[in-house]
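Okay, so here's the structure we're looking at.
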Amino acid sequence: MGQYSKGILFKKQINELMTRDWRIVFNPETENTIIIDEHGTEISNSALGFVGSEINDYINRREEETLGEKRKKPLDEFTIKRQGIEDYVLIEGITSMKSILEVYHDKNEMFIMEKFAVSPTNNLRYDEYNAYLTLEQAEKVLHSLQSFVDKKRREE
């Protein structure tokens, strides 16, 4: 059951989903998709948000079943050496989900920032953001980053 129960937390949304017959309708002229019930009424925003979150979990589970488990821990020393990773920085956040931010550059000449969280309830990885910068892109970002650090240091 974990730290909370979806059945209790999302009771209204689950009830809306379970008590109606939903159809997914794709309009080829507008290339838009909507979800409507048997009366043609669109799904509520709150129920749609719940469905979107559940679909994301479903996709994560299916990907792990098909492609294997995603990495859910920081890079280890062996992997860092094997992949030629340099200047590795790990920043871990303490929240209800273990949050990991890794920053490094590699032998492919990319500066990489990966942030993800792992749910203790379902053990799925949720990518928060990934940035893969070339040298030229990193040079452009460097000025803004340094300016931010300098400004905040002066304010201290």
Side-chain angles (χ1 to χ4, degrees), residues 1-10 13-14 17 22 24-35 43-156:
M1 200 105 141
Q3 297 175 340
Y4 65 92
S5 167
K6 287 183 189 179
I8 294 170
L9 207 56
F10 298 103
Q13 291 83 358
I14 292 168
L17 294 169
W22 296 100
I24 299 172
V25 179
F26 176 75
N27 182 333
E29 292 176 12
T30 62
E31 295 191 349
N32 288 329
T33 302
I34 60 171
I35 301 174
I43 191 170
S44 71
N45 288 340
S46 62
L48 181 59
F50 176 75
V51 168
S53 175
E54 291 302 302
I55 287 174
N56 188 43
D57 285 358
Y58 183 54
I59 289 168
N60 279 331
R61 285 192 305 272
R62 292 284 300 265
E63 284 178 347
E64 287 198 356
E65 289 169 7
T66 306
L67 305 172
E69 190 168 338
K70 294 178 183 178
R71 181 171 63 88
K72 297 174 183 163
K73 295 181 180 179
L75 293 171
D76 59 49
E77 212 173 304
F78 174 74
T79 303
I80 290 170
K81 287 180 183 175
R82 184 174 44 84
Q83 292 184 357
I85 292 172
E86 298 179 39
D87 301 321
Y88 178 82
V89 176
L90 169 66
I91 303 167
E92 290 186 87
I94 306 298
T95 62
S96 62
M97 295 197 345
K98 183 176 182 179
S99 179
I100 297 170
L101 170 61
E102 297 175 304
V103 180
Y104 55 92
H105 56 94
D106 65 9
K107 61 186 173 189
N108 297 316
E109 299 181 4
M110 297 295 290
F111 179 80
I112 299 166
M113 292 175 47
E114 294 180 318
K115 186 165 193 231
F116 61 91
V118 179
S119 168
T121 306
N122 61 18
N123 196 36
L124 290 177
R125 172 181 164 151
Y126 296 90
D127 289 321
E128 295 180 26
Y129 66 83
N130 297 314
Y132 306 94
L133 304 176
T134 63
L135 174 61
E136 294 79 18
Q137 293 167 329
E139 286 175 332
K140 289 178 182 177
V141 170
L142 185 58
H143 174 72
S144 176
L145 182 60
Q146 188 63 56
S147 176
F148 170 75
V149 170
D150 292 345
K151 178 181 177 184
K152 293 302 172 189
R153 291 281 184 240
R154 285 191 301 270
E155 292 174 2
E156 289 180 347

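- Annotation for Arg62: atom CZ does not count as buried by contact number, only 12 or fewer foreign heavy atoms lying within 6.0 Å.
- Residues Ile14 and Gly7 approach most closely at CD1-CA, 3.9 Å, considering heavy atoms.
- Using a 4.0 Å cut-off between charged nitrogen and carboxylate oxygen, Lys70 and Glu64 do not count as a salt-bridge pair.
- Atom CZ of Phe26 sits in a crowded spot, with more than 12 heavy atoms from other residues, nucleotides or ligands closer than 6.0 Å.
- Contact record, Ala47 with Leu17: CB-CD2, 4.3 Å, taken as the closest heavy-atom pair.
- Within a 6.0 Å sphere centred on OH of Tyr58, heavy atoms belonging to other residues, nucleotides or ligands number 12 at most.
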Report task. May I have the step-by-step check of side-chain contact (heavy atoms from CB on, under 4.5 Å) for Val103 and Phe111, ending in yes or no? Result -> CA-CA 8 Å; Val103 180; Phe111 179 80; 3.2 Å; yes
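- Between the side chain of Asp106 and the backbone N or O of Asn108, at least one donor-acceptor pair lies under 3.5 Å.
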Report task. For Met113 and Tyr104, run side-chain contact (heavy atoms from CB on, under 4.5 Å): C-alpha distance rounded to whole Å, both residues' side-chain angles, the deciding distance at 0.1 Å, then the answer. Result -> CA-CA 7 Å; Met113 292 175 47; Tyr104 55 92; over 6 Å; no
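- The shortest distance between side-chain heavy atoms of Asn123 and Lys72 falls below 4.5 Å.
- With Glu92 as the fixed residue, the salt bridge (charged side-chain N to carboxylate O under 4.0 Å, His left out) test singles out one of Lys73, Lys98, Lys115: Lys98.
- His105 places a side-chain heavy atom less than 4.5 Å from the side chain of Asp87.
- Under the 4.5 Å side-chain criterion, counting only non-hydrogen atoms from C-beta, Leu101 is in contact with Tyr129.
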